[in-house]
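Below is one structure, written out as structure tokens; comments come after it.
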Amino acid sequence: MDSNTKIARWAGLIYLVVVITGLFSLMYVPSKLIEWENPKQTFNNISSSRYLFSLSIASSILCYMAFTLLPLVLYKLLKNVNGTYAKLMVILALISVPISFINLQSKLSVLTIIDAADYLKIYKTEELQAQVMLLLKNYNNGILIVQIFWGLWLYPFGYLVYKSNFLPKVLGVFLMLGCLGYVINVFGRITIPQFSSYAISSYITLPASIGEIGICLWLLIVGVRSKSINTIHQN
């Protein structure tokens, strides 16, 4: 196995960690615990499944740690395709990391309320339930902000994949379309009331999911086409 294939496999493995931990913390756990129109039920769900909620926080931390490494490994693999785009990919990806970590404070504050510290006993149960929902909505607003960079980094990444000749061009196209989808999703949710009720909102980030999961599995299982990458180095 040549060095580029090893780099590709490492990138695929790190990407897989990002995908699995991201799906768990952003989709699976909220679907089990959060009912946006029912603060009381959400409060009770988190209280009775505190371990699951705290596990989602730990999963997010692991996700962001892996996402810090991912663009650096991808840079090593793709820098010879186009150095400028490779650097832009790294910059846009890494900008999202501190924002993501800071945003987790809202979830940690939810645990503080759920654990019912003595100084919170002055509040009524309904007030605590409302505070939990506010913190969860604040967390979601933070995710909406960070999605800008989750989207923007996909364009240079997708361009590099498309131009590489050792990775599937179709995945590069999906990644670039994923960038557009994320940006439209963010501005749509900010500027258009009830955007989430429109059918397009359920599919707008689908190209990004196809591109990211696809390239993750390709890097992990296939690696790179050695003949093509050797041609790039010779050029």
Side-chain angles (χ1 to χ4, degrees), residues 1-23 60-102 143 145-186 205-235:
M1 186 184 297
D2 61 38
S3 59
N4 288 304
T5 298
K6 287 181 180 179
I7 294 170
R9 296 277 168 79
W10 272 111
L13 180 60
I14 295 169
Y15 220 141
L16 185 63
V17 173
V18 171
V19 169
I20 292 175
T21 54
L23 289 174
S60 292
I61 293 173
L62 182 59
C63 179
Y64 304 148
M65 290 172 62
F67 194 67
T68 303
L69 297 175
L70 178 60
L72 302 178
V73 178
L74 289 172
Y75 175 82
K76 192 171 183 180
L77 180 67
L78 297 167
K79 63 182 179 180
N80 290 318
V81 178
N82 186 304
T84 300
Y85 273 78
K87 291 174 184 176
L88 183 61
M89 172 190 69
V90 173
I91 292 170
L92 290 173
L94 291 184
I95 287 175
S96 73
V97 175
I99 302 173
S100 299
F101 273 114
I102 292 171
I143 290 295
I145 293 171
V146 81
Q147 276 186 12
I148 284 288
F149 297 101
W150 287 352
L152 289 179
W153 90 287
L154 292 179
Y155 185 82
F157 180 29
Y159 177 85
L160 292 167
V161 170
Y162 184 83
K163 290 291 188 178
S164 68
N165 293 323
F166 55 83
L167 295 169
K169 289 183 180 296
V170 65
L171 293 178
V173 172
F174 273 113
L175 289 168
M176 288 186 282
L177 289 175
C179 168
L180 181 62
Y182 265 120
V183 172
I184 292 174
N185 182 61
V186 171
T205 59
L206 186 59
S209 299
I210 294 173
E212 291 200 83
I213 294 174
I215 196 66
C216 165
L217 296 177
W218 182 277
L219 290 169
L220 186 61
I221 298 170
V222 179
V224 297
R225 301 188 185 104
S226 298
K227 291 183 180 180
S228 298
I229 199 167
N230 287 334
T231 300
I232 287 180
H233 283 306
Q234 290 170 6
N235 292 336

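We count residues from 1, following the sequence as given. Being a predicted model, the structure only gives us computed values, none of them experimental.
In summary, of the residues considered (Trp153, Tyr155, Tyr159), a ring-ring contact (aromatic ring centres under 6.0 Å, His included) with Phe157 occurs for Trp153 alone.
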Which donor-acceptor pairs under 3.5 Å do side chains of residues 63-78 form with protein atoms, sequence neighbours excluded?
| residue | atom | partner | partner atom | Å |
| --- | --- | --- | --- | --- |
| Thr68 | OG1 | Tyr64 | O | 2.8 |

N/O donor-acceptor pairs under 3.5 Å from side chains in residues 81-93, not counting sequence neighbours:
| residue | atom | partner | partner atom | Å |
| --- | --- | --- | --- | --- |
| Asn82 | OD1 | Thr84 | N | 3.1 |
| Asn82 | OD1 | Tyr85 | N | 3.0 |

Sequence neighbours left out, cut at 3.5 Å: what donor-acceptor pairs do the side chains of residues 206-217 make with other protein atoms?
| residue | atom | partner | partner atom | Å |
| --- | --- | --- | --- | --- |
| Ser209 | OG | Thr205 | O | 3.4 |
| Glu212 | OE1 | Tyr15 | OH | 2.5 |

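Every residue two or more places apart in sequence or in another chain was checked for a side chain to side chain donor-acceptor pair (under 3.5 Å) with Ser100, and none qualifies. For Ile99, the side chain to side chain contact (heavy atoms under 4.5 Å, CB included) criterion is met by Ile95, Val146, Phe149, not counting sequence neighbours.
When every heavy atom of Ala11 is checked against every heavy atom of Leu219, the shortest pair comes out as CB-CD1, 4.1 Å. Here the closest heavy-atom approach between residue Leu62 and residue Thr21 is recorded as CD2-CG2, 3.8 Å.
Separation of atoms CZ (Arg9) and CG (Asn4) is listed at 12.0 Å; rounding is to 0.5 Å. Between Ser96 atom OG and Ile145 atom CD1 the span is 12.5 Å, to the nearest 0.5 Å.
Screening residues 174-186 for side-chain hydrogen bond (donor to acceptor under 3.5 Å, both in side chains), with sequence neighbours left out, gives Gln147-Asn185, Asn185-Arg189.
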